[in-house]
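Computed from a predicted model, the values in this text were never measured in an experiment. Both backbone and side-chain heavy atoms feed into the values below; hydrogens, waters and symmetry mates do not.
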Amino acid sequence: MRLVFAGTPEPAVVALEALLASEHDVVAVLTRPDARRGRGRSLQPSPVAQCALEHGIEVLRPTSLKPDTDDGVEIRQRLEELAPDCIPVVAYGNLITPDLLDIAPHGWVNLHFSLLPQWRGAAPVQAAIKAGQSSTGVSTFRIDEGLDTGPVIDMREYAIEGTDTADDLLTRLAYRGAELLVDTMDQLGRGTAVLRAQSGEASYAPKITKEDARIDWHQSTKAIDCAIRAHTPAPGAWTLLGDQRFKIGPVVPAQEPGLEPGLIKTTKSSVFVGTGDGAVRLGALQAPGKKMVAAEDFARGTDIDGMRFS
């Protein structure tokens, strides 16, 4: 099939490369405009744009798809000229307006990193880990006017490992999802795809804020472990020590009785923190303006025994 791929961040590159290696013809990519990155804050193309440029593929970078904007008018005209059979989407990051939904015969088909209708929204991987789930998955569905509400074409379930951070899980799902997206394009091309309405109770995973990543030491050990892994590496789980904000790396549940929530206990080889029902052993922490270091190394240089995170 003739495709225009829509995506922006690094996980979307995995799907783009899989489509480029398939029998389908990717004639252009649609991505977010160049953004300022790095120390010099110079304008840089998105990871998807960079991949497309390396393959000599046309890159479309509208700031908006709205029909009442110059960019919106131009992108509609260009998409009509390109005449794609389908527009696969992976983390594009721009609102697809209703007037564009039928511009391709097979529509816009989104790869979503959950088993829909579970965790509709911007942060499904983080939500699954934070909820303590043992599994999640990837889904492909045709985009409609709702938030991840369109009919599902296919989905596959995968395990969440007990030590997975959001980055670990998203990386795995990016590759599994790329395989599913290619298979979905194959099904659409052969005419064998079956679109089914989503069934079951929907849940939502909105965009994560920094406040969402603050650790509540009164929660259970399991809940704290899951929340920290869900917010690693971004935006980074954090807590206050006095009036300073510390980022906290993944923790390990520990048997250290008698510690009140947030209370710190140090030994020669470990740093423990009390939780609502026990304790955790800190793996790493990051002081303001410093690099992330092993918790025991930090404690050797700074006496935090008996202090309290809040």
Identify every side-chain donor-acceptor pair in residues 104-116 under 3.5 Å, counting partners at least two apart or on other chains, and give the distances.
residue, atom, partner, partner atom, Å
W108, NE1, L100, O, 2.8
H112, NE2, S114, OG, 3.4
H112, NE2, W119, O, 2.9
S114, OG, Q118, O, 2.4

Check the pair D71 / S64 against side chain to side chain donor-acceptor pair (under 3.5 Å), numbers first and verdict last.
CA-CA 6 Å; D71 273 7; S64 172; over 6 Å; no
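- Linking Ile, Leu, Val, Met, Phe, Trp and Tyr residues whenever their side-chain heavy atoms come within less than 4.5 Å places I304 and V280 in a single cluster.
- K265 NZ to T267 OG1: the interatomic distance, rounded to the nearest 0.5 Å, is 8.0 Å.
- Looking at T140 and T184, their side chains do bring a donor and an acceptor atom within 3.5 Å of each other.
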Side chain to side chain donor-acceptor pair (under 3.5 Å) between T31 and S46: does it pass, once the steps are laid out?
CA-CA 7 Å; T31 190; S46 73; 2.7 Å; yes
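- Taking the charged nitrogens against the carboxylate oxygens, E256 and R281 have no contact shorter than 4.0 Å, which rules out a salt bridge.
- P235 approaches K247 most closely through the heavy-atom pair O-NZ, 3.3 Å.
- Side-chain contact annotation: D144 with T149, donor-acceptor N/O pair under 3.5 Å present.
- Judged by distance alone, the side chains of T221 and T275 do bring a donor and an acceptor atom under 3.5 Å apart.
- Defined by atom type and a distance below 3.5 Å, a donor-acceptor pair is present between the side-chain atoms of E157 and S135.
- Between the T136 side chain and the A128 main chain, no donor and acceptor come within less than 3.5 Å of each other.
- No single ILVMFWY cluster, assembled from side-chain heavy atoms under 4.5 Å apart, contains both I143 and V138.
- Considering only heavy atoms from C-beta on, Q255 stays 4.5 Å or farther from F272 through its side chain.
- With 3.5 Å as the limit, one finds no donor-acceptor pair spanning the side chains of D85 and H24.
- Residues Y175 and Y158 place their aromatic rings such that the two centres sit no closer than 6.0 Å.
- Cluster annotation: L180 and L195 are assigned to the same hydrophobic cluster (Ile/Leu/Val/Met/Phe/Trp/Tyr, side-chain heavy-atom contacts under 4.5 Å, transitive).
- The shortest side-chain heavy-atom distance between P84 and L3 does not fall under the 4.5 Å cut-off.
- Listed here is the closest heavy atom pair of A15 and A178: CA-CB, 3.7 Å.
- I153 and F141 fall into different hydrophobic clusters, where Ile, Leu, Val, Met, Phe, Trp and Tyr side chains are chained together by heavy-atom contacts under 4.5 Å.
- Interatomic distance, CG of L170 versus OG1 of T165, reported as 9.5 Å (0.5 Å rounding).
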For the pair R76 and T97, evaluate side-chain contact (heavy atoms from CB on, under 4.5 Å) and give the outcome as yes or no after the intermediate values.
CA-CA 11 Å; R76 167 172 274 283; T97 53; over 6 Å; no
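- Within a 6.0 Å sphere centred on CZ of R142, heavy atoms belonging to other residues, nucleotides or ligands number more than 12.
- Residues L101 and E145 approach most closely at CD1-CG, 3.8 Å, considering heavy atoms.
- Side chains of I215 and F246 form no contact here, defined as non-hydrogen atoms less than 4.5 Å apart.
- The structure places CG of D225 at 11.5 Å from CD of Q219, a figure rounded to the nearest 0.5 Å.
- Salt bridge R172/D168: absent, no basic N to carboxylate O contact under 4.0 Å.
- By the 4.0 Å N-to-carboxylate-O rule, R61 lies close enough to D34 to be salt-bridged with it.
- In summary, the side chains of S203 and E201 do not present any donor paired with an acceptor at a separation below 3.5 Å, with no hydrogens or angles considered.
- The CZ atom of R308 lies 5.0 Å from the CG atom of L263; values are rounded to the nearest 0.5 Å.
- In this structure, T239 OG1 and L285 CG are separated by 10.5 Å, a value rounded to the nearest 0.5 Å.
- D25 contributes atom CG, which lies 11.0 Å from atom CG of L19 (distance to the nearest 0.5 angstrom).
- For the pair Q50 and P45, the minimum side-chain heavy-atom distance is below 4.5 Å.
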Would V90 and L181 count as a side-chain contact (heavy atoms from CB on, under 4.5 Å) here? Give the steps.
CA-CA 9 Å; V90 184; L181 188 61; 3.9 Å; yes
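- Using a 4.0 Å cut-off between charged nitrogen and carboxylate oxygen, D183 and R176 do not count as a salt-bridge pair.
- When side chains are defined from C-beta on, R120 counts as touching Q198, because their heavy atoms get closer than 4.5 Å.
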Report the C-alpha distance between L240 and F309 in whole Å, list the side-chain angles of each, state the deciding distance to 0.1 Å, and finish with yes or no for side-chain contact (heavy atoms from CB on, under 4.5 Å).
CA-CA 6 Å; L240 291 178; F309 286 132; over 6 Å; no
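- In this structure, M185 and C86 have side chains that are in contact, with non-hydrogen atoms separated by less than 4.5 Å.
- Nearest approach of P117 to S199, heavy atoms of both residues: CD-O, 3.1 Å.
- In the displayed structure, E54 atom CD is contacted under 6.0 Å by more than 12 heavy atoms of other residues, nucleotides or ligands.
- The minimum heavy-atom distance linking N94 with P62 is given by the pair ND2-O, 3.7 Å.
- You'll find the side chain of D305 stays beyond 4.5 Å of the side chain of I264, heavy atoms only.
- Neither I248 nor M292 shares a network with the other; the hydrophobic side chains, linked directly or stepwise wherever heavy atoms of I, L, V, M, F, W or Y lie under 4.5 Å apart, form separate groups for each.
- In this structure a side-chain-to-backbone donor-acceptor pair under 3.5 Å is present from D148 to G121.
- Electrostatic pairing of D297 and R300 counts as a salt bridge here, judged by a charged N lying under 4.0 Å from a carboxylate O.
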Test M1 against E23 for side-chain contact (heavy atoms from CB on, under 4.5 Å), laying out the working first.
CA-CA 8 Å; M1 289 201 302; E23 63 183 21; over 6 Å; no
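- Ion pairing between a basic and an acidic side chain is recognised when a charged N comes within 4.0 Å of a carboxylate O; E296 and K268 show no such pairing.
- In terms of heavy atoms, R32 sits closest to Y92 at CG-O, 3.3 Å.
- Side-chain atoms of L82 and L60, non-hydrogen and from C-beta on, do get closer than 4.5 Å to each other.
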